[in-house]
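Worksheet: the structure to be examined is printed underneath.
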Amino acid sequence: MPEVTSLEGLDDAPHAEVFDLQTPRTVRLELTEDQRVPEHRHPESNVVLHLLEGAVELSLGDEVYDLEPGDIARFDGDQDISPYAREASTALLVFAPKTD
């Protein structure tokens, strides 16, 4: 039986766990305009970020990627990561465990 939920029903900010199931971990990230998540890493995961609304500058190591709604980025979590919202933004992130 699938587990179904609505992103609009999630209250925690900026991070809200979408499902109780932790593998793969799925998180809704909601940032206000001009909000930045400090540099951090997820070394145990490969990450998929799907920008649903807004505009985000995604810093990955020394590179910066401008994301618009509908963009999907997949990257290794074992690098410095820092999303910055140029405007109020919502993204869905999936953290897939590395299998190596």
Side-chain angles (χ1 to χ4, degrees):
M1 184 88 169
E3 185 176 355
V4 178
T5 191
S6 169
L7 293 180
E8 293 177 3
L10 302 174
D11 295 328
D12 295 338
H15 303 90
E17 297 288 338
V18 176
F19 300 108
D20 291 334
L21 179 68
Q22 292 299 306
T23 304
R25 182 176 176 216
T26 306
V27 173
R28 190 254 7 248
L29 176 64
E30 193 170 76
L31 301 173
T32 59
E33 182 177 359
D34 203 34
Q35 185 176 5
R36 177 180 297 279
V37 176
E39 283 186 355
H40 64 287
R41 292 175 179 237
H42 298 279
E44 70 289 344
S45 299
N46 290 306
V47 182
V48 174
L49 183 154
H50 179 194
L51 187 62
L52 302 171
E53 59 186 23
V56 167
E57 289 178 5
L58 178 61
S59 296
L60 298 174
D62 295 332
E63 301 289 326
V64 177
Y65 302 89
D66 291 320
L67 303 180
E68 300 295 329
D71 287 347
I72 302 171
R74 182 178 66 177
F75 52 91
D76 186 334
D78 194 15
Q79 61 186 315
D80 290 331
I81 303 162
S82 179
Y84 167 73
R86 295 189 322 257
E87 59 186 66
S89 300
T90 302
L92 186 68
L93 292 101
V94 177
F95 300 86
K98 291 183 178 179
T99 58
D100 42 15

Same cluster or not: are Val56 and Val48 linked, directly or through other Ile, Leu, Val, Met, Phe, Trp or Tyr residues, by side-chain heavy atoms under 4.5 angstrom apart?
no
Student check: side-chain heavy atoms of Glu30 and Leu7 closer than 4.5 Å:
no
I'd like to know if the side chain of Glu39 pairs up with that of Ser82 as donor and acceptor (distance under 3.5 Å, no hydrogens or angles considered).
no
Determine, using the 4.5 Å side-chain heavy-atom cutoff (strictly less than), whether Val37 and Val47 are members of one ILVMFWY cluster.
yes
Kindly indicate whether the side chain of Asp71, heavy atoms from C-beta on, has any atom under 4.5 Å from the side chain of Tyr65.
no
Side chains of Leu60 and Asp80: closer than 4.5 Å at any heavy-atom pair?
no
When rounded to the nearest 0.5 angstrom, what distance separates CD in Gln79 from CZ in Arg41?
7.5 Å
Please assess Arg28 against Glu8 for the test salt bridge (Lys or Arg N to Asp or Glu O under 4.0 Å), listing each intermediate value before the final yes or no.
CA-CA 10 Å; Arg28 190 254 7 248; Glu8 293 177 3; over 6 Å; no
For a 4.5 angstrom cut-off between non-hydrogen side-chain atoms, does Ile81 reach His42?
yes
Would a single hydrophobic cluster contain both Phe75 and Phe95, if residues Ile, Leu, Val, Met, Phe, Trp and Tyr are joined by side-chain heavy-atom contacts under 4.5 Å?
yes
Please check if the number of heavy atoms outside Asp62 that lie under 6.0 Å from its CG is greater than 12.
no
What closest approach, in Å, do Asp78 and Asp76 show between heavy atoms, and which atom pair accounts for it?
N-OD1, 2.8 Å
Tested for side chain to side chain contact (heavy atoms under 4.5 Å, CB included) against Leu49, the lone hit among Val94, Leu67, Val27, Leu92 is Leu67
